[in-house]
Amino acid sequence: VQLQASGGGFVQAGGSLRLSCEASGATFRRYAVGWFRQAPGKEREFVAAISGSGGRTDYSDSVKGRFYISRDNAKNTVYLQMNSLKPEDTAVYYCAAAYRLHSNVVLTTQGGYDYWGQGTQVTVSS
């Protein structure tokens with residue numbers, strides 16, 4: 001499966017952005033999807049994840065209540081709505097996918113994913 005992340009950009013603190021992760025070459029509803037981010041000089045970290053059905057989600061504590069992950073399997077796309085952005089949210093954001101037979105699986109660790117998108121830059125100014 002190929003993943004294409006988009007929607008990054010430059011925004012002031014308190015603003016919003018919506019990232020998209022479009023998949024091709026797969027029965028998308030069989031894939032758990034996650035978003036991760038990597039800030040300069042830091043390791044890549046988990047942000048949010050969603051099950052193949054969309055019925056289960058999980059978030060890191062740092063974004064809980066501000067970011068929302070959703071998916072439209074008819075469009076083979078997962079979204080990350082990011083609200084109340086902070087300068088510390090500045091990073092390259094990556095989406096990842098993993099095939100799971102059961103559509104209610106949520107994966108929060110990088111090692112659980114097999115496919116990665118190219119990343120999209122999000123910059124939040126203070």
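Note that these values count all heavy atoms, side chains included, but never hydrogens, waters or copies made by symmetry.
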Same apolar cluster: Ile69 and Leu17, side chain cutoff 4.5 Å
yes
same_hphob_cluster(Val78, Trp116) at 4.5 Å side-chain heavy-atom cutoff
no
Assess the residue pair Asp72 and Thr77 against the criterion (side chain to side chain donor-acceptor pair (under 3.5 Å)); give the C-alpha distance rounded to whole Å, side-chain angles, the decisive distance to 0.1 Å, and a yes or no.
CA-CA 5 Å; Asp72 184 340; Thr77 302; over 6 Å; no
Specify the closest pair of heavy atoms between Val106 and Ala49, including all atoms of both residues, with the distance to one decimal.
CG1-CB, 3.6 Å
So is Arg37 actually on top of Tyr93's ring, under 6.0 Å and inside 45° of the axis?
no
May I ask you to check if Arg44 and Tyr94 form a cation-pi contact, with NZ or CZ under 6.0 angstrom from the six-membered ring centre and within 45° of the axis?
yes
Would Leu80 and Val11 show up in the same hydrophobic cluster when neighbours are defined by side-chain heavy atoms closer than 4.5 Å?
yes
Distance check, rounded to the nearest 0.5 Å: Cys21 atom SG versus Asn76 atom CG?
10.0 Å
Scanning both residues in full, the closest heavy-atom pair of Gln110 with Glu45 reads NE2-N, 4.3 Å
Inter-residue atom distance Ser70.OG - Gln81.CD, 0.5 Å rounding:
8.0 Å
Is any side-chain heavy atom of Tyr99 closer than 4.5 Å to a side-chain heavy atom of Thr27?
no
Would a distance-only check, ignoring hydrogens and angles, find a side-chain to backbone donor-acceptor pair under 3.5 Å from Thr90 to Val124?
yes
Can you see which heavy atom on Ala97 is nearest to which on Val33, and at what distance?
CB-CG2, 4.2 Å
Full working for side chain to side chain contact (heavy atoms under 4.5 Å, CB included) between Phe10 and Val122:
CA-CA 6 Å; Phe10 184 93; Val122 171; over 6 Å; no
Looking only at heavy atoms, which two atoms of Ala13 and Ser126 are closest? And how far apart?
CB-CA, 4.3 Å
For the residue pair Asn73 and Gly52, what are the closest heavy atoms and their distance?
ND2-O, 2.9 Å
Please say whether more than 12 non-hydrogen atoms of neighbouring residues, nucleotides or ligands are located less than 6.0 Å from NZ in Lys64.
yes
Flag the pair Phe36 / Phe46 as yes when their ring centroid distance falls below 6.0 Å, and as no otherwise.
yes
May I ask you to say whether Lys86 pairs ionically with Asp89, meaning some side-chain N is under 4.0 Å from a carboxylate O?
no
In one Ile/Leu/Val/Met/Phe/Trp/Tyr side-chain cluster, 4.5 Å: Trp35, Tyr113:
no
Any donor-acceptor N/O pair, Ser51 side chain to Arg56 backbone, under 3.5 Å:
yes
Take Gln2 and Ser24, measure what side chain to side chain donor-acceptor pair (under 3.5 Å) needs, and give me the verdict at the end.
CA-CA 5 Å; Gln2 293 81 44; Ser24 61; 3.2 Å; yes
From CA spacing to verdict: side chain to side chain contact (heavy atoms under 4.5 Å, CB included), Phe67, Asn83
CA-CA 6 Å; Phe67 290 13; Asn83 302 324; 5.9 Å; no
Would the distance check show the side chain of Thr120 and the main-chain N or O of Ala5 forming a donor-acceptor pair, the cut-off being under 3.5 Å?
no
Please test Gln4 against Gln118 for side chain to side chain contact (heavy atoms under 4.5 Å, CB included), starting from the C-alpha separation and ending with a verdict.
CA-CA 7 Å; Gln4 180 72 39; Gln118 84 289 1; 3.0 Å; yes
Which atom names give the shortest non-hydrogen contact between Leu19 and Met82, and what distance separates them?
CG-CE, 3.7 Å
Taking Ile50 as the starting point, is it possible to reach Val105 by hopping between hydrophobic residues whose side chains are less than 4.5 Å apart?
no
Can a donor-acceptor pair be found, under 3.5 Å and without considering hydrogens, that links the side chain of Arg66 to the backbone of Ser84?
yes
Test: Arg71 cationic atom under 6.0 Å from Phe28 six-membered ring centre, within 45° of axis:
yes
Separation between CZ (Arg29) and OG (Ser53), nearest 0.5 Å, reads 10.5 Å
